[in-house]
Engineer: 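Sharing a structure, written as structure tokens. Questions coming.
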Amino acid sequence: MKYDPSSIESKWQERWAADDVYRATQGEGGDKYYCLEMLPYPSGKLHMGHVRNYSIGDVVARFRRMRGFNVMHPMGFDSFGMPAENAAIEHHTHPAIWTRQNIEVMRNQLQDMGFAYDWNRQIASHMPEYYRWNQWLFLRFLERDLAYRKEALLNWCPSCETVLANEQVEEGLCWRCGSVVEERRMSQWFFRITAYIDELLDGLDGLDGWPERVRTMQRNWIGRSHGARVTFGVDDSDEGLEIFTTRIDTIFGATFMVLAPEHPLARRWYEQGPGADAGLDAEEFADTIDKLEKMNRRQRPGEEGEKAGIFTGHYAVNPFSGERLPIWIANFVLMDYGTGAIMAVPAHDERDFEFARGCALPIRPVIGPSEGDAPAWINDPGAMEEAVPLYGVLLPANGDYAGMTSEDAQQRMIEDARAGGFGDAAVDYKIKDWGVSRQRYWGTPIPIIYCPDCGVVPVPDADLPVTLPEEVELTGEGGSPLGHVESFVNVDCPTCGGAARRETDTMDTFVDSSWYYLRYLSPHDEEHPFDRSAADYWLSVDIYIGGITHAVLHLLYFRFFCKAMADLGLLSVREPVTRLLTQGMVLMGGTAMSKSKGNVVDPDEMVSRYGVDATRIFVLFAAPPERDFEWDEGGIIGCRRFLNRMFTLIARSRAALEGVAPSGDEGELPEALVELRRKAHDTTRRVTDEVEQRLHFNTAVAALMELLNECDAAVAAVPVADAGTSAWLYRDVFERLVALLSPFAPHLAEELWEMLGHREYVADQLWPTYDAGVLERETISLAVQVDGKVRGSIEVSVDLDDNDALVAEALKEANVAKHIDGRTIVRTVVVPGKIVSLITQ
RNA sequence: GCCCAAGUGGCGGAAUUGGCAGACGCGCUAGGUUCAGGACCUAGUGGGCUUCGGCCCGUGGAGGUUCGAGUCCUCUCUUGGGCACCA
């Protein structure tokens, strides 16, 4: 009899499906456990990354089931998005057809992998039953002022013909197609993620089940800095010039001011011409500002833009010192951070220093080190080769603040600015509100109507969903495709009944994935986005498994939605996920597999060659889950061998074990079987800990392999048929082994479980437990060191913890004695259970 | 430039609290078996030396702490990742 994966796999998949084994029912059984994996985009076929992601999730889900938890383990499809639309343009099909076909293929593949999903809960975000709730949530956000419309400079991808969120621009390039992103001024819808920004940031500290790496990336992305806003006077204007700084303590060192080219004051002078001191005519001046504005934009990867600027001929007045400072316009100041204007302190800021050097502007140090000798640059700024951005003590040039530490000065200056009415403490963030409008077809229509009389009118809840029209021409050009569908655009105003027009943009698909884990809980609910009692029962998600690529995009939106929905009274939790596992990539030739590189391994091919179980085991065994690993076909062969040997072991023993109970007299076991018993219990302990606590599936599989090796060795020493009254131990060990194997290789485990004479599913069995008593030994092997080097080992009773006795025992060891010979022991270190260390001389 | 990971045999990796480095798997070597199927079994497999008892070296590199360091500390190199005119 031979292990034949394909027949075993289809046999058990059919039975599981027929008996609906993996259905999740609220309130049933033990404590709930929500195991969630990032849902796939239906791009065509599963790739190895999916197989790895979902194999990890499946082990966790199956393990928890056997531990007695009531497990929620759903799957769905993130089925709105640009690839469907691009494919439609290319192949002249409809995105809906392309998407439906892909979902069917991928769902079959997922089922063929034997993943224990409750398929009754499947969702697909392109279905109106799903996306109507995106629209419903949009309207709730609108009511709470969490959704709003504004004109803004936006990231525009010329190739995708759509706006991108800041999170979707990587080094100035479109995250999806790699085109250089341009800027456009457009009216767009935004979600006010900044309303939750402090909670999103501070909440990271409490997320100890999340990788530090992800938390750091989110912190960086949010980019909170504490500082102050200070208003400088402008000498020929009543209005002030407000700047943001994190270093108000260096304000006496400001030697000039810089505006972003888009700054309102810069715009005004652009129109009116420069001040007299600029030494330029109006045309020259305006031309230069135009150039600066173009240069200002995002640089190519790695390029550090050359700093350039122009003097406006206008001056600002430092409210602390009364000093007059020239105002410049330069390309290195960004309009969308702070106030779009800075005070430049070249002595203590790298960027200001570089600019000051280039334009021959003065450099004035105002902070010195708090300890040690005064550096030469304090009195000779001309000799500075770089800015010194230190925190220290304020030098004499700082008026009343001289002698204070930077920290004290910051506090005092903020107080004084507040008192003087020209400034206050301020916090600024790198993150901006989330722009959600997309000029594409294949997404959720934004439920808004523009009425010439009533203005912006939300679509009433009763009219939801606003469905995507099927008849549409997709050319990839000319803006929102919905704009050309007259039957869609023309609508009666819900308020006045007059002729009005629908919003033609669709929502960013990250909206879909921001709350999908809730829809799984009641996917067929027609009254609500999800059932509140189900949410209260199942949340939070106990483990969420997916790629690190979503560390700032999806995972930040996901957290934002949770908090916003909690405040809408929809949820009782404020953080969606307790534990996050970010799995690494499957590489080939050192890079991610991709169709364009032609280095793709097709999971189907691996499955047909080695079987589902071997494929699953390999992706788990190759490396710990967080780490990337290199695909190696040799590795999967090894896993197939392991399963072959499992099969052979049980197939050969089953006849001899028929009718044998899994328990019996422990006193009569031969030594080889006592060892095997200990190994089986120890393996139970290890696998449990690896899967439950450490999430290291590679070492769990290794432990199972070790146990199999020991089984083979034991059977060679004491054949099962000859074991007599000890045969029960074999049954106990084999059943343990099969049960422990089942989350990793569920099909083979079911088959072996059946071969051992069982009728029920091994998937429904309780996870084996271990007996700490069985793990105990009578004797233990201790290493003996002489002068720090291991010279032998001794076998002693576990109870022996007497120093002198252990040393005496160590000295009996021939090789130890040889190394001690002729020397004097000056010290002994004995750690019972660990080591005996002897030090001579 | 700043911040964070990681670096262990020919390869993937293990070592959970500072206590016998290299578990487990691949590959390789020898033998067996079957005989041409990427099959199976047994033994071996970090490097060097060996009188076959052992000995020396060894976790990117250099120092240090310790009876004892892959593990802790300092410096440094390399790779990967994140951030990068964020005032």
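We name chains A, B, ... by the order of the sequence lines, and we start the count at 1 in each one. Small disclaimer: the values here were computed from a predicted structure and weren't measured. The analysis underlying the following values was restricted to heavy atoms, covering all of them including side chains, and did not include hydrogens, waters or symmetry mates.
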Engineer: For A/Y337 and A/S225, does a side-chain donor sit closer than 3.5 Å to a side-chain acceptor?
Structural biologist: yes
Engineer: List every contact pair, protein side and nucleotides 15-19 of chain B side both N or O, where the distance is under 3.5 Å.
Structural biologist:
residue, atom, partner, partner atom, Å
B/A15, OP1, A/R694, NH2, 2.6
B/U16, O4, A/E690, OE2, 3.3
B/G19, N2, A/Q785, OE1, 3.3

Engineer: So A/I8 and A/F647, do their side chains get closer than 4.5 Å, heavy atoms only?
Structural biologist: yes
Engineer: When you compare the protein's N or O atoms with those of nucleotides 30-33 of chain B, which come within less than 3.5 Å of each other, and at what distance?
Structural biologist:
none

Engineer: Choosing from B/C40, B/A87, B/C83, which nucleotide comes nearest the side chain of A/T246?
Structural biologist: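 Of the options given, the side chain of A/T246 lies nearest B/A87.
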Engineer: Do A/I342 and A/M257 touch side chain to side chain, with heavy atoms closer than 4.5 Å?
Structural biologist: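 They are not in contact (no side-chain heavy atoms under 4.5 Å apart), so the answer is no.
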Engineer: Supply the atom-to-atom distance A/M705 CE to A/R641 CZ, rounded to the nearest 0.5 angstrom.
Structural biologist: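 One finds 10.5 Å between CE of A/M705 and CZ of A/R641.
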Engineer: Between atom CG of A/N815 and atom OG of A/S793, what is the distance when rounded to the nearest 0.5 Å?
Structural biologist: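 The OG atom of A/S793 is 10.0 Å from CG of A/N815, to the nearest 0.5 Å.
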Engineer: In whole angstrom, what separates A/L620's CG from B/G12's C1'?
Structural biologist: 14 Å
Engineer: Classify the angle between the aromatic ring planes of A/F355 and A/F332 as parallel (below 30°), tilted (30 to 60°) or perpendicular (above 60°).
Structural biologist: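 Correct class here is tilted.
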Engineer: Which nucleotide sits closest to the side chain of A/D349: B/A87, B/C20, B/G13?
Structural biologist: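 Looking only at heavy atoms from C-beta outward on A/D349, the closest nucleotide is B/A87.
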Engineer: Report yes if some heavy atom in the side chain of A/L741 is under 4.5 Å from a heavy atom in the side chain of A/M646; otherwise report no.
Structural biologist: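 Yes; the side chains approach each other to less than 4.5 Å.
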Engineer: So which protein nitrogen or oxygen atoms get under 3.5 Å of nucleotides 5-10 of chain B's nitrogens or oxygens?
Structural biologist:
none

Engineer: Report, one pair per line, the protein and nucleotides 24-28 of chain B atoms (nitrogen or oxygen only) whose separation is under 3.5 Å.
Structural biologist:
residue, atom, partner, partner atom, Å
B/G25, OP1, A/N709, ND2, 3.3
B/C26, OP1, A/R641, NE, 2.9
B/C26, OP1, A/R641, NH2, 3.0
B/G27, OP2, A/R641, NH2, 2.9

Engineer: May I ask which nucleotide in the shown strands pairs with B/G58, Watson-Crick or G-U wobble, both distances under 3.5 Å?
Structural biologist: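 Pairing partner: none.
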Engineer: How far does the C1' atom of B/A30 sit from the matching atom of B/U16, given to the nearest Å?
Structural biologist: 38 Å
Engineer: For the residue pair A/I835 and A/L782, establish whether any side-chain heavy-atom pair is separated by less than 4.5 Å.
Structural biologist: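 Sidechains of A/L782 and A/I835: no contact.
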Engineer: In the strands shown, is B/G70 matched to any nucleotide by a Watson-Crick or G-U wobble pair with both distances under 3.5 Å, and which?
Structural biologist: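 Pair assignment: B/G70 / none.
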Engineer: Counting only distance, no hydrogens or angles, is the base of B/C20 paired donor-acceptor with the side chain of A/S781 under 3.5 Å?
Structural biologist: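 It does, because a donor-acceptor pair links the side chain of A/S781 to the base of B/C20 below 3.5 Å.
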Engineer: Is any side-chain heavy atom of A/L800 closer than 4.5 Å to one of A/L806?
Structural biologist: yes
Engineer: Looking only at the side chains, is there a donor atom on one of A/T339 and A/E242 sitting less than 3.5 Å from an acceptor on the other?
Structural biologist: no
Engineer: Considering every strand and a 4.0 Å limit on heavy-atom distances, what is the contact class for A/S225: base, sugar-phosphate, or nothing?
Structural biologist: sugar-phosphate
Engineer: Base of B/G9 relative to its sugar, syn (within 90° of 0) or anti?
Structural biologist: syn
Engineer: Looking at the angle O4'-C1'-N9-C4 for a purine or O4'-C1'-N1-C2 for a pyrimidine, is B/G53 syn or anti, with syn meaning within 90° of 0?
Structural biologist: syn
Engineer: Return the pairing partner of B/G37 with a 3.5 Å limit on both distances, Watson-Crick or G-U wobble; otherwise return none.
Structural biologist: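 Pairing partner: none.
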Engineer: Tell me, with the steps shown, if A/R247 and A/T245 meet side chain to side chain contact (heavy atoms under 4.5 Å, CB included).
Structural biologist: CA-CA 5 Å; A/R247 291 300 305 272; A/T245 177; 4.0 Å; yes
Engineer: For the pair made of NE2 in A/H226 and P in B/A87, what is the distance, rounded to whole Å?
Structural biologist: 11 Å
Engineer: Looking only at atom P, what distance separates B/G25 and B/C77, rounded to whole Å?
Structural biologist: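 It works out to 40 Å between them.
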Engineer: Taking atom C1' in both B/G22 and B/G10, compute the distance separating them and give it to the nearest angstrom.
Structural biologist: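 Nearest-Å result for B/G22 against B/G10 at atom C1': 14 Å.
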Engineer: What's the CG-C1' distance between A/N220 and B/C2, to the nearest Å?
Structural biologist: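 Rounded to whole Å, this separation is 10 Å.
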Engineer: Can you find a heavy atom in the side chain of A/H263 that is under 4.5 Å from one in the side chain of A/M335?
Structural biologist: yes
Engineer: Can you check the A/W210 CH2 to B/C4 C1' distance for me, whole Å?
Structural biologist: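 These atoms are roughly 18 Å apart.
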Engineer: Taking only the P atom of each, what is the distance from B/U71 to B/G58 in whole angstrom?
Structural biologist: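 That atom pair is separated by 13 Å.
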Engineer: Could you give the distance separating B/C56 and B/A6 at their P atoms, to the nearest angstrom?
Structural biologist: 33 Å
Engineer: Between the base of B/C85 and the side chain of A/K307, is one N or O donor paired with an acceptor at under 3.5 angstrom?
Structural biologist: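 Such a pair is found, so the answer is yes.
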Engineer: Strictly by Watson-Crick or wobble contacts shorter than 3.5 Å, is anything paired with B/A6, and which nucleotide is it?
Structural biologist: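 By the stated definition (distances under 3.5 Å), B/U78 pairs with B/A6.
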Engineer: Could you check how far CD of A/E354 sits from C1' of B/A84, rounded to whole Å?
Structural biologist: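 One finds 13 Å between C1' of B/A84 and CD of A/E354, rounded.
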Engineer: Applying salt bridge (charged side-chain N to carboxylate O under 4.0 Å, His left out), run through A/R686 and A/E706 and close with a yes or a no.
Structural biologist: CA-CA 11 Å; A/R686 279 174 65 189; A/E706 281 184 50; 3.4 Å; yes
Engineer: Could you list all N or O pairs between the protein and nucleotides 53-57 of chain B that sit under 3.5 Å apart?
Structural biologist:
residue, atom, partner, partner atom, Å
B/C55, OP1, A/R791, NH1, 2.9
B/C55, OP1, A/N815, ND2, 3.3
B/C55, OP1, A/H819, NE2, 2.8
B/C56, OP1, A/R791, NH2, 3.1
B/C56, OP2, A/R791, NH1, 3.0
B/C57, OP2, A/K789, NZ, 2.9

Engineer: Between A/F232 and A/P319, is any pair of side-chain heavy atoms under 4.5 Å apart?
Structural biologist: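 Sidechains of A/P319 and A/F232: in contact.
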Engineer: Would you measure the distance from the P atom in B/G48 across to the matching atom in B/G9 and give it in whole Å?
Structural biologist: 15 Å
Engineer: Take nucleotides 42-49 of chain B nucleotide by nucleotide from the 5' end and write B, S or -, depending on whether a protein heavy atom sits under 4.0 Å from the base, only from the sugar-phosphate, or from neither.
Structural biologist: --------
Engineer: Which part of the nucleic acid, if any, lies within contact of A/G788, taking any heavy atom under 4.0 Å across all strands shown: a base, the sugar-phosphate backbone alone, or nothing?
Structural biologist: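 Sugar-phosphate, backbone atoms only, no base.
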Engineer: Quick one: A/D4 CG to B/A39 P, roughly how many Å, whole number?
Structural biologist: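 The answer, rounded to whole Å, is 17 Å.
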Engineer: Take the protein atom CD of A/E386 and the nucleotide atom C1' of B/C2, then report the distance between them rounded to whole Å.
Structural biologist: 14 Å
Engineer: Compute the ring centroids of A/F320 and A/F422, then answer whether they are less than 6.0 Å apart.
Structural biologist: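 Yes, ring centres under 6.0 Å apart.
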Engineer: Within the structure provided, determine whether A/E262 and A/E293 are in side-chain contact (heavy-atom separation under 4.5 Å).
Structural biologist: yes
Engineer: Think A/R678 forms a cation-pi with A/Y770, using NZ or CZ under 6.0 Å from the six-ring centre and within 45 degrees of its axis?
Structural biologist: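 No, A/R678 does not sit over the ring of A/Y770.
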Engineer: Could you work out the separation of B/C4 and B/G12 based on their C1' atoms and round it to a whole Å?
Structural biologist: 24 Å
Engineer: Show your working on side chain to side chain contact (heavy atoms under 4.5 Å, CB included) between A/F697 and A/E690 and close with a plain yes or no.
Structural biologist: CA-CA 6 Å; A/F697 311 102; A/E690 297 291 358; over 6 Å; no
Engineer: How about A/W221 and A/Y429: are their ring centres within less than 6.0 Å of each other?
Structural biologist: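 Judged by ring-centre distance (under 6.0 Å), A/W221 and A/Y429 do not meet the cut-off.
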Engineer: Find the partner of B/G27: check Watson-Crick (N1-N3 plus N6-O4 or O6-N4) and G-U wobble (N1-O2, O6-N3) distances, both under 3.5 Å, and reply none if neither fits.
Structural biologist: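 Its partner is B/U45.
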Engineer: What's the gap between B/U66 and B/C3 when it is taken at their C1' atoms, as a whole Å value?
Structural biologist: 32 Å
Engineer: Could you state the atom-to-atom distance from CE of A/M606 to C1' of B/G38 in whole Å?
Structural biologist: 12 Å
